[in-house]
Structures are given as structure tokens and as C-alpha cells.
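First the structure, in the form of C-alpha cells, and then the observations on it.
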Amino acid sequence: MTTGVGLHASMGNAALAVKDAVYAQIKTALADAGEVEVDLSYGFRWPARWDDLVAVTAVRADPGEGALGRQRRREITVSVDVNLIAWAPTDDEQVTHTRAFGLLDVIDRSFRAEPTLGGAAMWCLLGEVTSDGATDDDDAGHGRITEIAATFDARVIVTN
């Protein structure tokens, strides 16, 4: 059994451990910030209970290019997708943008304060962030909606 910060016995083990740790870190961040009216889910949960949600979705493990050590030790990048959605009964797109990006800020600060995810990774930080910035009227009903697609990238070592 492999033990240590960011050390895992297989790519599958690393991917699941990081995804689970990302979920746990977000749960703690939201609770610490008093954000109790946010749906947090592992995957998407429907129907949502609240107007705001955070969903931990896809995970990818990529060995990239590089030498494999004598003990078959290699560094792996594990990426976890997180979707943040804010809806509000308003015609002002800025209201939902402010809310969604505010939730992302709470989560990002938590990751920067504890980048090892409790030992699941050598580090895990916010990578790519994408938001289209406009509500499709068919999607929002009588309001505005902002969705952010964020990716958290972690570095781990797969070793014996």
C-alpha cells in the first residue's frame, strides 16, 4: 500500500481519491462560509433544492509525457470538473454572475489554503474557468442564470 501526500498505487485510485477530496474540500468551504442554501452534488442532482448549485462532475487522469522511473513511478495530472450554477428571478445578468463567481471565490480560496486536499494530492488548484455570460431565455424561465465550468488540476504520483 502506498502512503504519503499525493502518492497512489494506480491511476484509477488517484483519480477517485482526488475527485472525492475535491468534493469534500468544496463541502467544507461552503459550510465554513455559511453557504447553506447551495446544492452540492457528486454529479448533477435534479431537481435542485436551491437556486444555486455546485456539481463535481467529470474526472480525468493524464500521465502526459515523461520518463517512467525504475520503480514505475510517474507524475500524473488529475483534473476534476466543477460546475457552478446561480439562478435568480431578475432580468439583470450581473446579479447571477456576481453570485456564481462569488461561490467560485469561496471555493478557490479554500483550495489555495489547503492545496494538498488533506494529502490526496501534492497540490490541487483552480485551472481553467469558463462562463458563456448570457442566459438563454428557454433555460431560465422568468430570471437569469449563470453557469461556470471550472477545472481543478491536481498533481499526484503513481508508484508502488
Side-chain angles (χ1 to χ4, degrees), residues 5-8 10-64 75-90 92-136 138-141 143-158:
V5 173
L7 300 178
H8 300 278
S10 71
M11 282 181 62
N13 176 267
L16 181 60
V18 170
K19 184 174 182 177
D20 286 347
V22 165
Y23 176 86
Q25 183 84 6
I26 293 171
K27 184 176 184 178
T28 299
L30 293 173
D32 288 351
E35 292 289 355
V36 296
E37 293 185 358
V38 176
D39 275 327
L40 173 62
S41 59
Y42 200 95
F44 279 102
R45 177 179 31 222
W46 191 257
R49 293 174 294 176
W50 305 105
D51 292 340
D52 304 317
L53 69 90
V54 177
V56 179
T57 58
V59 62
R60 293 170 302 287
D62 181 8
E75 288 192 18
I76 305 292
T77 300
V78 177
S79 299
V80 179
D81 292 341
V82 176
N83 294 83
L84 299 94
I85 298 173
W87 180 86
T90 181
D92 185 352
E93 201 81 48
Q94 192 172 13
V95 170
T96 56
H97 272 61
T98 299
R99 177 64 175 149
F101 280 96
L103 289 172
L104 182 60
D105 180 65
V106 165
I107 294 166
D108 183 27
R109 288 174 185 266
S110 175
F111 276 72
R112 287 186 287 124
E114 175 45 55
T116 68
L117 301 175
M122 293 185 298
W123 55 263
C124 182
L125 297 169
L126 180 59
E128 184 176 6
V129 175
T130 305
S131 179
D132 68 4
T135 301
D136 181 339
D138 292 337
D139 292 338
R144 300 285 96 185
I145 191 167
T146 295
E147 180 174 2
I148 299 170
T151 302
F152 287 84
D153 295 314
R155 198 69 169 166
V156 301
I157 294 175
V158 173

For this session: Could you check D153, I76, V80 and say which one makes a side-chain contact (heavy atoms from CB on, under 4.5 Å) with V18?
Result: V80
Hey, does [Y] have a side-chain heavy atom less than 4.5 Å from the side chain of [X]?
{"X": "T96", "Y": "I145", "answer": "no"}
{"X": "I107", "Y": "L84", "answer": "yes"}
{"X": "V95", "Y": "R144", "answer": "no"}

Measuring from [X]:[atom1] to [Y]:[atom2], what's the distance to the nearest 0.5 Å?
{"X": "E37", "Y": "L30", "atom1": "CD", "atom2": "CG", "value": "12.5 Å"}
{"X": "L117", "Y": "F152", "atom1": "CG", "atom2": "CZ", "value": "9.5 Å"}
{"X": "I26", "Y": "L104", "atom1": "CD1", "atom2": "CG", "value": "9.5 Å"}

Please check this pair: side chain of [X] against backbone of [Y], looking for a donor-acceptor N/O pair closer than 3.5 Å.
{"X": "R99", "Y": "W87", "result": "no"}
{"X": "H8", "Y": "A120", "result": "yes"}
{"X": "S131", "Y": "I148", "result": "no"}
{"X": "D39", "Y": "W50", "result": "yes"}
{"X": "E75", "Y": "R155", "result": "no"}

Grab the two heavy atoms, one from [X] and one from [Y], that are nearest each other, plus how far apart they are.
{"X": "S41", "Y": "R45", "value": "OG-N, 3.6 Å"}
{"X": "L103", "Y": "E35", "value": "CD2-CD, 3.9 Å"}
{"X": "V156", "Y": "A14", "value": "CG2-CB, 3.8 Å"}

Problem set entry | All pairs passing ring-ring contact (aromatic ring centres under 6.0 Å, His included) where residues 20-49 contributes a residue, at least two apart | Y23-Y42
Problem set entry | Stepwise side chain to side chain contact (heavy atoms under 4.5 Å, CB included) test for C124 and V22 | CA-CA 9 Å; C124 182; V22 165; 4.2 Å; yes
Exercise. For T146 and E93, what are the C-alpha separation, side-chain angles and deciding distance, and is it a side chain to side chain contact (heavy atoms under 4.5 Å, CB included)?
Worked result: CA-CA 8 Å; T146 295; E93 201 81 48; 4.1 Å; yes
For this session: Could you list the residues that satisfy side-chain contact (heavy atoms from CB on, under 4.5 Å) with A31, not counting sequence neighbours?
Result: none
For this session: Would you check, one step at a time, whether the test side chain to side chain contact (heavy atoms under 4.5 Å, CB included) holds for K19 with V56?
Result: CA-CA 8 Å; K19 184 174 182 177; V56 179; 4.0 Å; yes
Problem set entry | Other residues, nucleotides, ligands: >12 heavy atoms within 6.0 Å of R112 CZ | yes
Problem set entry | Pair L126-F111, side chain to side chain contact (heavy atoms under 4.5 Å, CB included): steps then yes or no | CA-CA 8 Å; L126 180 59; F111 276 72; over 6 Å; no
Exercise. Looking only at side chains, do E128 and T151 share a donor and an acceptor under 3.5 Å apart?
Worked result: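 Checked: E128/T151 side chains show no N/O donor-acceptor pair below 3.5 Å.
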For this session: List for me each residue that meets side chain to side chain donor-acceptor pair (under 3.5 Å) alongside T57, sequence neighbours excluded, and say none if there are none.
Result: N83
